[in-house]
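Following: one structure in structure tokens, then a few remarks.
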Amino acid sequence: MRYEAMTWKDFLAQRKTVLESWPTGREVDLEEAVRYQRGIAESKNFARAMSRAKAEKKTLTQPRAGVALIDDHIRLLRFLEIEGTADLLPTTIDAYTRQNRYQEAAVGIEKSIAAGHSLLNGFPAVNHGLSGCRRVTEAVTKPIQVRHGTPDARLLAEISLAGGFTSYEGGGISYNIPYTKKVELGDSIRAWRYVDRLVGYYEENGISINREPFGPLTGTLVPPFISHTVAVLEGLLALQEGVKSLTLGYGQGGNVLQDLAALATLRELAVEYFGRAGFEDYDLTIVFHQWMGGFPEDEAQAFAVISLGSFVAAAAGVEKIIVKTPHEAMGIPTKEANAAGLKATRQILSMLTDQRIFADNDILQREKDLIKREVRCLMDAVENASGGDPIQGIVRAFAGGLLDVPFAPSIFNRGRVLPVRDNEGFIRLFAKGNLPLTEEIMSFHRERLAERAKAEKRAVSFQMVTDDIYAISKSRLIGRPK
Ligand code: 5AD
């Protein structure tokens, strides 16, 4: 596949419409934004923090957080950095802004003012505009990132990067397929091309902005090879536009060895595919997400899930962990619950910093080999479908089910893949849909599932899949019959 950045002419052709799509867009002046970013202390640059974590072999903690009003949002973030000892800060964007529904976000802001508390599920950064974003980013001492779920995040990127954020989450696949029903995949990928080009422009002007595709996808029994393929593809699309600081992610699956194999291979596969595409000048780091599926309601049990994830992050030596809270089953956490998740995570990470936990063993090696072989099958299929154009390759692969994300709402995803745990809790495939996996690989999956079927004295079925989806919230990993 050929990787070429979009031309500056094409970028500018879109830019006017993007900035005119809401009044605050007019505040953005790219030259002024670059000057503003130059003035941000190095200690607050997200890309620097990630590369330093890699050099120092540290795992940085980051929560999710966002409320409707600027002052409340600042208080929340200050609490998380001081009381929660977060290394990195987020700004989680509300659902209206994610869907470019700024008028409704404006109503949400008004209603939040009237109510005296947040009635939005995140921070409406576009409505608050450049000055609102700058108030937030100037009020904190840690690097701060925009976290969202937006298929067309062009205006949000323009405003928030000019507003002093130094990292931007998302991607054209990972913020479409798991998040929307009807947005054309090609449209979201092209919108994200603009975002990556904007970041590339900052890089060309000496401002390093970290980019993080969203690794966990639907967070529901996603086999590592599926999320890895998407991560590598989104990484390639970002590098193509001049992104330099790239963080690829993976969500905790629950089987410790599978998670360790996944985190090791994510780094190895990315380096391999980026090199093959001719990219050498980038700084790759890895983020691990604590369990993204259903959580136990009980707070003590939730802390246990958080702690197991923290253990895996430390054992794998990833640069960043995204932290859950004891309120996860209930919804948006209080600031205290959010800080509690951070502190539990930090305790585990600190106790494990000087330990080398897993020397390679046979099972880890088997799983790493398997993930690599699986990813190669999918990447080859994208290449073959591409006619040289990576975006075409991705769009066609999804249309044909050669790439297929389990439990995704998008109509541009075939949704024929069914994952299920094997008898040791490894996530395997019950139905492969149209995924281009070899017979050898599939026969391994079948063998492993036959073992579980035998142990549970029942056939592998959709019931088993459902049981697995709810197992962790009911204090188990594998959804065994009672
Ligand atoms: N503040 C804190 N956490 C949030 N999440 C979503 N929005 C917010 C917010 N405004 C969390 C959910 C879930 C994850 C996907 O993001 O609780 O853990």
Side-chain angles (χ1 to χ4, degrees), residues 61-81 83-84 86 88-99 105 108-109 112 115 117-128 136 140 144-150 153 156 160 165 169-171 174-175 177-180 212-220 222 227 249-252 287-297 299 301-303 305-306 309-310 320-342 344-345 407-409 469 472-473:
T61 60
Q62 185 182 19
R64 297 182 173 90
V67 288
L69 305 179
I70 297 172
D71 290 322
D72 295 343
H73 187 56
I74 290 172
R75 266 193 291 279
L76 171 60
L77 294 179
R78 293 288 292 154
F79 186 83
L80 295 174
E81 65 179 346
E83 177 61 22
L88 301 166
L89 292 172
T91 284
T92 301
I93 303 299
D94 69 289
Y96 290 129
T97 303
R98 293 175 184 208
Q99 295 170 62
I109 291 172
S112 300
H117 61 98
S118 180
L119 293 173
L120 292 174
N121 62 356
F123 182 77
V126 167
N127 291 66
H128 289 313
V136 170
V140 298
I144 181 164
Q145 176 188 43
V146 182
R147 302 189 66 85
H148 45 132
T150 312
L156 179 63
S160 60
F165 287 88
E169 194 196 24
S174 61
Y175 269 6
I177 300 294
Y179 282 95
T180 74
E212 178 188 338
F214 177 61
L217 301 178
T218 55
T220 311
V222 179
S227 50
Y250 168 75
Q252 182 181 7
V287 54
F288 183 63
H289 291 249
Q290 289 173 355
W291 179 243
M292 293 292 283
F295 254 66
E297 275 177 35
E299 296 195 14
Q301 287 176 248
F303 277 120
V305 177
I306 286 169
S310 307
K320 181 170 96 166
I321 182 164
I322 304 281
V323 174
K324 287 276 179 168
T325 82
H327 286 177
E328 176 59 25
M330 276 72 82
I332 292 180
T334 60
K335 65 185 193 313
E336 290 80 12
N338 214 334
L342 284 161
T345 300
F407 311 111
I469 290 174
I472 287 188
S473 65

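What you see is a predicted model; the values in this text were computed from it and never measured. Quick note: numbers below take in every heavy atom, side chains included, and nothing from hydrogens, waters or symmetry partners. As the structure lists them, so they are numbered: ligands from 1, and atoms in each ligand from 1.
Against a heavy-atom cut-off of under 4.0 Å, Ala65 is close to the following atoms of ligand 1: 1 (N), 2 (C). Taking a cut-off of under 4.0 Å to the non-hydrogen atoms of Lys324, the atoms of ligand 1 that pass are 13 (C), 14 (C), 18 (O).
Ring centroid separation for the pair His289 and Tyr250 does not come in under the 6.0 Å cut-off.
Ser473 and Gln301 form no side-chain donor-acceptor contact under 3.5 Å, judged by distance and modelled atom types alone.
Residue Ile332 has no N or O atom closer than 3.5 Å to an N or O atom of ligand 1.
Only the side chain of Pro333 comes within contact range of ligand 1, with a heavy atom under 4.0 Å; no backbone atom does. When non-hydrogen atoms are compared, ligand 1 lies under 4.0 Å from the backbone of Asn121 (N, CA, C, O) but not from its side chain.
In this structure, the protein non-hydrogen atom closest to atom 12 (C) of ligand 1 is Glu328 OE1, 3.9 Å. In this structure, atom 5 (N) of ligand 1 lies nearest to the protein heavy atom Arg64 CD, 4.2 Å.
Considering every non-hydrogen atom in both Ala339 and Gly84, the closest pair reads CB-CA, 3.8 Å.
Summarising the contacts of atom 7 (N) of ligand 1 with Leu120, Leu76, Thr92, the nearest heavy atom is found in Thr92.
For the pair Glu83 and Lys335, the salt-bridge criterion is not met [side-chain N within less than 4.0 Å of a carboxylate O].
At least one donor-acceptor pair under 3.5 Å links the side chain of Arg98 to the backbone N or O of Ile93.
Ring geometry for Phe214 versus Tyr175: interplanar angle of 30 to 60°, hence tilted.
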